Amino acid sequence: MHVLILGGTTEARALAALLHPETRVTSSLAGRVASPRLPVGEVRIGGFGGADGLAAWVRAHHVDAVIDATHPFAENISFNAARAAATAHVPLLALRRPGWVPVEGDRWHSAASLEEAAALLDGLGERVFLTTGRMGLAAFADCRQWFLVRSVDAPESPMPDRTEVLLDRGPFTLDGERDLLHRYGIDVLVTKDSGGAATAPKLRAAREAGIPVVIVRRPPVPEGVETAASPEGAAAWVHGLAEG
């Protein structure tokens, strides 16, 4: 059985480790990170050329199942995966880590997009910790606030005029996030609802400091696509296909 895993997320790497070597696994990475953490098994890097290109690759490489384990905000590839799987007539599963849930003491403000998040900043704070990744900074380019932008690779313009870039890769510790908020005088945090534990400490640090958090809601999984919340659940789905 040949399984194509889309994505370079923590969950995608964990799933590849659970399936390999009993199952042939090919992990496809987008290539947006300069030095990605590679999973076990076969790896390809780069795009497919849209849904038709992905469907053609699936057919040419005799893929039996596709698992979309991309970042929860990788909306385009998720919809391309749904169309490609339907075209190639192979089963598709979306592996999505659960989103974050506010607890007592959180001061969360929900936004439907990066643009809406930028519009919420006036009145919330002057020194912004922006952890939405290096893509999409143009949404904040006209903001008057000062920004600390944290990303794995250096972001590209356009970006806010008053910006300091911090290159770092999670997982992050609670003590580290507490220190960062204090050291830079952060008074508002902007993030995406990525879920997972690797970057969650910033939310607790913000809660303890009484700092408001603007959280961009994740897009929905394409309609009709089955989902799993963990690598173990996705592995069980694959094993069920093999047994069936």
Side-chain angles (χ1 to χ4, degrees), residues 6-14 27-39 43-47 69-77 97 99-100 111 113-115 117-118 120-121 124-209 211-216 218:
L6 303 174
T9 59
T10 300
E11 290 77 16
R13 292 191 297 272
S27 296
S28 178
L29 313 184
R32 292 178 177 172
V33 176
S35 300
R37 293 171 177 167
L38 298 180
V43 177
R44 71 172 302 279
I45 297 178
T70 56
H71 189 277
F73 283 83
E75 188 173 8
N76 287 341
I77 185 61
R97 68 186 79 151
W100 291 317
S113 65
L114 292 175
E115 290 75 15
L120 290 173
L121 291 179
L124 289 180
E126 298 296 324
R127 295 181 65 82
V128 183
F129 183 25
L130 186 59
T131 65
T132 56
R134 67 187 182 94
M135 310 293 288
L137 295 185
F140 301 88
D142 295 329
C143 291
R144 59 175 180 79
Q145 287 84 359
W146 178 90
F147 287 82
L148 175 65
V149 174
R150 182 168 69 189
S151 63
V152 176
D153 294 320
E156 300 177 355
S157 296
M159 66 178 73
D161 290 335
R162 302 167 60 206
T163 297
E164 182 170 339
V165 175
L166 178 62
L167 299 182
D168 203 355
R169 187 200 301 260
F172 302 104
T173 67
L174 178 58
D175 285 342
E177 300 293 61
R178 286 168 173 158
D179 176 72
L180 184 148
L181 296 182
H182 176 74
R183 179 160 31 102
Y184 287 95
I186 300 299
D187 56 15
V188 59
L189 166 66
V190 180
T191 189
K192 293 177 177 178
D193 182 15
S194 301
T199 60
K202 64 190 172 189
L203 299 175
R204 179 174 171 182
R207 182 190 318 129
E208 293 176 350
I211 293 173
V213 180
V214 178
I215 295 193
V216 181
R218 59 175 63 177

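Worth knowing before you read on, the calculation uses all heavy atoms, side chains too, and leaves out hydrogens, waters and symmetry mates. What you see is a predicted model, and the numbers here were worked out from it, not measured in a lab.
- Scanning for salt bridge (Lys or Arg N to Asp or Glu O under 4.0 Å) contacts around Asp179 gives Arg183, with sequence neighbours left out.
- Closest approach of Thr9 to His71, counting heavy atoms only: CG2-N, 3.6 Å.
- In this structure Ser28 satisfies the side-chain hydrogen bond (donor to acceptor under 3.5 Å, both in side chains) test together with Arg44, sequence neighbours excluded.
- Atoms CG and CG, on Leu166 and Leu130 in that order, are 12.0 Å from each other to the nearest 0.5 Å.
- Residues satisfying the side-chain contact (heavy atoms from CB on, under 4.5 Å) criterion with Leu120, sequence neighbours excluded, are His109, Ala111, Leu124, Val214.
- Taking Arg13 as the reference, Thr10, Arg37, Pro39 meet the side-chain contact (heavy atoms from CB on, under 4.5 Å) condition, with sequence neighbours excluded.
- Atom CH2 of residue Trp100 and atom CD1 of residue Ile215 lie 6.5 Å apart, to the nearest 0.5 angstrom.
- Side-chain contact between Asp193 and Pro72: absent, with no pair of heavy atoms (C-beta onward) separated by less than 4.5 Å.
- Between Gly8 and Leu29, the shortest heavy-atom contact is CA-CD2, 3.5 Å.
- The shortest heavy-atom contact between Ile186 and Ile211 is O-CD1, 3.2 Å.
- If you take CZ on Arg134 and CD on Glu156, they are separated by 6.0 Å, rounding to the nearest 0.5 Å.
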Exercise answer: donor-acceptor pairs, residues 199-206 side-chain atoms, under 3.5 Å, sequence neighbours excluded:
residue, atom, partner, partner atom, Å
Lys202, NZ, Thr131, OG1, 2.8
Lys202, NZ, Thr191, OG1, 2.8
Arg204, NE, Glu208, OE2, 3.1

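- One finds the CE atom of Met135 at 11.0 Å from the OG atom of Ser151 (value rounded to the nearest 0.5 Å).
- Under the side-chain contact (heavy atoms from CB on, under 4.5 Å) criterion, Asp168 pairs with Arg150, Phe172, not counting sequence neighbours.
- Phe129 contributes atom CZ, which lies 10.5 Å from atom OG1 of Thr132 (distance to the nearest 0.5 angstrom).
- Scored by the side-chain contact (heavy atoms from CB on, under 4.5 Å) test, Thr173 finds Asp175 as partners (sequence neighbours excluded).
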Can you give me every donor-acceptor pair (side chain of residues 136-149, partner residue at least two apart or in another chain, under 3.5 Å) with its distance?
residue, atom, partner, partner atom, Å
Arg144, NE, Asp122, OD1, 3.2
Arg144, NH1, Glu126, OE1, 2.6
Arg144, NH1, Glu126, OE2, 3.0
Arg144, NH2, Asp122, OD1, 3.3
Arg144, NH2, Glu126, OE2, 3.1
Gln145, NE2, Asp122, OD1, 3.0

